[in-house]
> 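Mind looking over this structure? Questions follow.
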Amino acid sequence: MEHSVTVEQQFEIIKRGVLDIVPEEELLAKLKKSHQTGKPLRIKLGIDPTASDIHIGFAVVLRKMRQFQDMGHQVILIVGDFTASIGDPSGKSETRPMLSAEQIRTNAETFASQFWLILDREKTTVTFNGDWLGKMSFADVVRETSRVTVARILERDDFQNRLSEGRPVGLHELLYPIAQAIDSVEVQADVEVGGSDQRFNILMGRDLQEANGMEAQVGLFLPILPGIDGVQKMSKSLGNYVAVTDEPNDMFGKIMSIPDDVMADYYTLCTDVGTDEIEAIKAGIASGSVHPMDAKKRLAREIVTIYHSAQAGVDAQAEFERVFSSREVPLDMPEINLPESELENGSIRLTRLIAIAEMASSSSEARRLIQSGAVSIDGEKITDVMGSITPIDGQTLRVGKLKFARLRMI
RNA sequence: GGGGGGAUGCCCGAGUGGUUAAAGGGGGCAGACUGUAAAUCUGUUGCCAAAGGCUACGUUGGUUCAAAUCCAACUCUCCCCA
């Protein structure tokens, strides 16, 4: 333990951005005990390998784990390779597809390379729950499931909703919380961290640990970070996410597009900006002394700084202002190589050009974009769907607000 | 094991023989406005070598000049009874 940090200080750091700690006194007691004995707490986090990239919503939980590590505690990541074959029903309105073993492995590997952007590798143990769940006998399963009542499992909202809507609920899905709880028993977790949607699963871990004669883990719940649409939870499948590996300009831009009312959440959960300062920003916006856009630029800069560098943050802001405030062309843009062979009498159909540049998902979409006035070349709008242009090396093709490309004749 | 529903585009949901690439809503995309915010308004929303063609209403097969619509089998699913 780093004795320079008192238990009370540890507790304060841990509480930042946290929605709920169940039960708070137990966490305090565990921290004290760890401080006295010098034995680190075992902090558990279950990773769902159905996703493949770490986004800043998931990073909220990882950052919390990192705080524990910085105070000397041990983080145990459990890759849910086995549980992924069940599919976490939490908050879901339908059964999740089961993943193949290969898919899970690939995802887990991608994850692994990204964890260390946030976590301290030295203080992290990575395990796969297939190692123990896969080896349980039916008798083991019966024994563990006997500790939980059906009513208890079915009382959850997600199951209730699905049942009342006449949607299917697979029997195996009822086992998910139990599987996750067995993980807690297996790794002897002191604390399990998760999003608020993990409440049920994590509390189940407490029950099962007690039933197995060990001290129950403490549940630490973090708010779910809304996606950049500001409404739904951030997730890759909804496309409303900011990946930790996003390029600085993209990252900055995505943050700028979040609705104002989730800005404070982003500040608390995704940055290290002090709580007092966040309050001051909120107050400033409320009183009109701080322009929300400036507050958001600061936010975007902070986040880019975390995953790239302070300089990258400054540069990304400059680029953002250049393109969106001054309406100039970006400094960097992808180039599209246009072979002579594509030209007919020196010109090319615009729809074809957009297709080559992969700036629309289909040529039908390219037509629509042209029709709606979203396409321009060197700032000149083109609206003729059948139109051809005579491309010149170095021209800028713009499709919609965000997509730019420079033409290169080859 | 018995009986009764249901499966439509990204999602919800209308449609019960031709006028249906399929109403309406949500979401998405684009345009205007703006702060790449919100709100609002407008357009658009299967694909292609594009005044034409192709593919689509759980799957397969059938009836018909014509099927999302009728028939058969199958698959999945929900409810009631046991």
Side-chain angles (χ1 to χ4, degrees), chain A residues 92-95 97-98 159-171 173 226-233 235-242 246 248-267 281-282 284-286 288 290-301 303-304 316-330 342 344 348-356 358-376 379-388 397-404:
Chain A
K92 297 290 169 192
S93 55
E94 53 192 73
T95 307
M98 295 191 181
F159 286 146
Q160 282 300 318
N161 292 341
R162 281 161 66 181
L163 287 172
S164 65
E165 285 163 18
R167 310 179 79 93
V169 176
L171 183 57
E173 293 181 79
I228 55 177
D229 57 359
V231 183
Q232 292 186 277
K233 128 179 203 182
S235 84
K236 190 171 187 186
S237 52
L238 294 171
N240 61 355
Y241 69 104
V242 180
D246 275 347
N249 290 344
D250 280 349
M251 197 178 263
F252 196 97
K254 283 185 184 176
I255 300 296
M256 287 307 288
S257 74
I258 64 169
D260 288 358
D261 34 318
V262 296
M263 234 199 297
D265 288 340
Y266 272 63
Y267 260 109
I281 292 168
K282 276 202 252 182
I285 292 173
V290 174
H291 193 296
M293 185 179 59
D294 292 325
K296 209 181 281 175
K297 282 179 180 170
R298 160 90 190 274
L299 172 67
R301 211 168 56 232
I303 293 176
V304 173
Q317 178 164 347
E319 180 70 359
F320 177 85
E321 285 165 356
R322 178 189 172 80
V323 178
F324 297 105
S325 309
S326 317
R327 296 183 185 276
E328 289 175 51
V329 178
E342 288 287 349
E344 249 177 82
I348 184 170
R349 283 270 284 280
L350 194 52
T351 45
R352 175 72 189 147
L353 182 61
I354 293 171
I356 292 172
E358 296 179 332
M359 291 165 97
S361 58
S362 67
S363 87
S364 299
E365 193 188 349
R367 297 171 141 253
R368 276 178 232 127
L369 289 166
I370 296 169
Q371 264 164 355
S372 59
V375 177
S376 64
E380 200 176 320
K381 194 175 279 190
I382 300 176
T383 50
D384 179 11
V385 177
M386 301 302 284
S388 294
L397 171 65
R398 180 174 194 167
V399 177
K401 236 179 288 193
L402 305 170
K403 288 179 237 163
F404 293 87

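Quick caveat: nothing in here was measured; it's all calculated off a predicted structure. Reminder, nothing fancy here: chain letters follow the sequence lines and each chain counts from 1.
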> Kindly give the atom pairs (protein nitrogen or oxygen, nucleotide nitrogen or oxygen) under 3.5 Å for nucleotides 26-32 of chain B.
| from | atom 1 | to | atom 2 | distance (Å) |
| --- | --- | --- | --- | --- |
| B:A30 | O2' | A:Ser372 | O | 3.4 |
| B:A30 | O2' | A:Ser372 | OG | 2.7 |
| B:G31 | O4' | A:Ser372 | O | 3.3 |

> Figure out the CZ/C1' separation between A:Arg298 and B:A37, and round it to whole Å.
19 Å
> Both distances below 3.5 Å, Watson-Crick or wobble geometry, any strand: find the nucleotide opposite B:G27.
B:U45
> Side chains of A:Glu380 and A:Ser376: donor-acceptor distance under 3.5 Å anywhere?
no
> Considering Watson-Crick and G-U wobble pairs with both distances under 3.5 Å, what does B:A32 pair with?
B:U40
> Among all residues two or more places apart in sequence or in another chain, which pass the side-chain hydrogen bond (donor to acceptor under 3.5 Å, both in side chains) test with A:Arg349?
none
> Nearest-Å distance, CD1 (A:Ile370) to P (B:U44)?
16 Å
> Using nucleotides 50-57 of chain B, report all nitrogen or oxygen pairs with the protein that are shorter than 3.5 Å.
| from | atom 1 | to | atom 2 | distance (Å) |
| --- | --- | --- | --- | --- |
| B:A50 | O2' | A:Arg367 | NH2 | 3.2 |
| B:A50 | N6 | A:Ser363 | OG | 2.6 |
| B:A50 | N1 | A:Arg367 | NE | 2.5 |
| B:A50 | N3 | A:Arg367 | NE | 3.2 |
| B:A50 | N3 | A:Arg367 | NH1 | 3.1 |
| B:A50 | N3 | A:Arg367 | NH2 | 3.0 |

> Could you tell me how far apart A:Glu342 (CD) and B:A49 (P) are, to the nearest whole angstrom?
12 Å
> Does OP1 or OP2 of B:A37 have a side-chain N or O of A:Ser257 closer than 4.0 Å?
no
> In whole Å, measure the gap between the C1' atoms of B:G9 and B:U20 for me.
13 Å
> Is there a Watson-Crick or G-U wobble partner for B:U69 with both distances under 3.5 Å, and if so, which one is it?
none
> Apply side-chain hydrogen bond (donor to acceptor under 3.5 Å, both in side chains) to A:Lys282 and list each qualifying residue two or more places apart in sequence or on a separate chain.
A:Glu279
> Please classify the nucleic acid contact of A:Pro259 as base, sugar-phosphate, or nothing, using heavy-atom distances under 4.0 Å.
sugar-phosphate
> Taking atom P in both B:C81 and B:C71, compute the distance separating them and give it to the nearest angstrom.
29 Å
> Name the pairs: protein N/O against N/O of nucleotides 74-82 of chain B, kept only if under 3.5 Å.
| from | atom 1 | to | atom 2 | distance (Å) |
| --- | --- | --- | --- | --- |
| B:C78 | O4' | A:Gly166 | O | 3.4 |

> Which residues pass the side-chain hydrogen bond (donor to acceptor under 3.5 Å, both in side chains) test with A:Asp260, sequence neighbours left out?
A:Lys296
> Of all the heavy-atom pairs spanning A:Val304 and A:Met251, show the shortest one and how long it is.
CA-SD, 3.9 Å
